[in-house]
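Taking it in order: structure first as structure tokens, then the write-up.
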Amino acid sequence: MVDPLDGTNGFIDGNGDFAVQIGLAEDGECVVGVVYQPLTGVLYRALQGQGTWIERPDYDRSEHKSRTSVM
């Protein structure tokens with residue numbers, strides 16, 4: 001399953017409340033899940049039976065704001 005733009009209203013409003021979601025199911029069970037928030041660069045991922053992780057990039061918030069205002 002791929003949802004390339006979960007949170008259409010957040011995307012349209014420009015408030016950053018949207019994400020790309022990817023999931024893999026085998027025999028009806030979710031085995032992999034990934035959620036990526038493009039504006040913040042935060043990546044959530046999970047593997048069945050192995051755990052969950054959150055990856056956050058190191059970035060300067062003032063620099064991030066200037067980049068989003070250009071978009």
Side-chain angles (χ1 to χ4, degrees):
M1 181 275 309
V2 175
D3 187 347
L5 184 57
D6 181 50
T8 305
N9 289 335
F11 179 78
I12 292 169
D13 292 344
N15 64 19
D17 189 20
F18 63 92
V20 177
Q21 297 190 29
I22 301 170
L24 174 66
E26 290 181 348
D27 299 321
E29 289 191 33
C30 181
V31 294
V32 176
V34 177
V35 177
Y36 178 64
Q37 295 179 310
L39 289 185
T40 62
V42 175
L43 177 72
Y44 302 87
R45 55 191 176 97
L47 294 171
Q48 183 184 46
Q50 296 185 29
T52 59
W53 299 269
I54 300 173
E55 297 179 25
R56 295 183 174 97
D58 294 324
Y59 66 91
D60 180 352
R61 288 199 181 274
S62 62
E63 180 182 312
H64 177 69
K65 288 178 185 175
S66 66
R67 283 185 288 167
T68 57
S69 65
V70 173
M71 299 171 122

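These values consider heavy atoms only, across backbone and side chains, with no hydrogens, waters or symmetry-generated copies.
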Checklist outcome for this item: Closest non-hydrogen contact found for Tyr44 with Ile54 is CD2-CG1, 3.5 Å
Checklist entry - So do the side chains of Leu47 and Trp53 get within less than 4.5 Å of each other, counting heavy atoms only? => result yes
Checklist outcome for this item: Contacts of Ile12 meeting side chain to side chain contact (heavy atoms under 4.5 Å, CB included) (sequence neighbours excluded), chain-then-number -> Thr8
List the atom pairs, donor and acceptor, that lie under 3.5 Å between side-chain atoms in residues 18-34 and the rest of the protein, sequence neighbours left out.
{"unit_1": "Gln21", "atom_1": "NE2", "unit_2": "Asp6", "atom_2": "OD2", "d": "2.5"}
{"unit_1": "Glu29", "atom_1": "OE1", "unit_2": "Gln48", "atom_2": "NE2", "d": "3.0"}

Next on the checklist: Membership question, hydrophobic clusters at under 4.5 Å side-chain separation (ILVMFWY): are Val2 and Tyr36 in the same one?
Outcome noted: yes
Checklist entry - Can you name the one residue among Glu55, Gln37, Arg56 that meets side-chain contact (heavy atoms from CB on, under 4.5 Å) with Leu43? => result Glu55
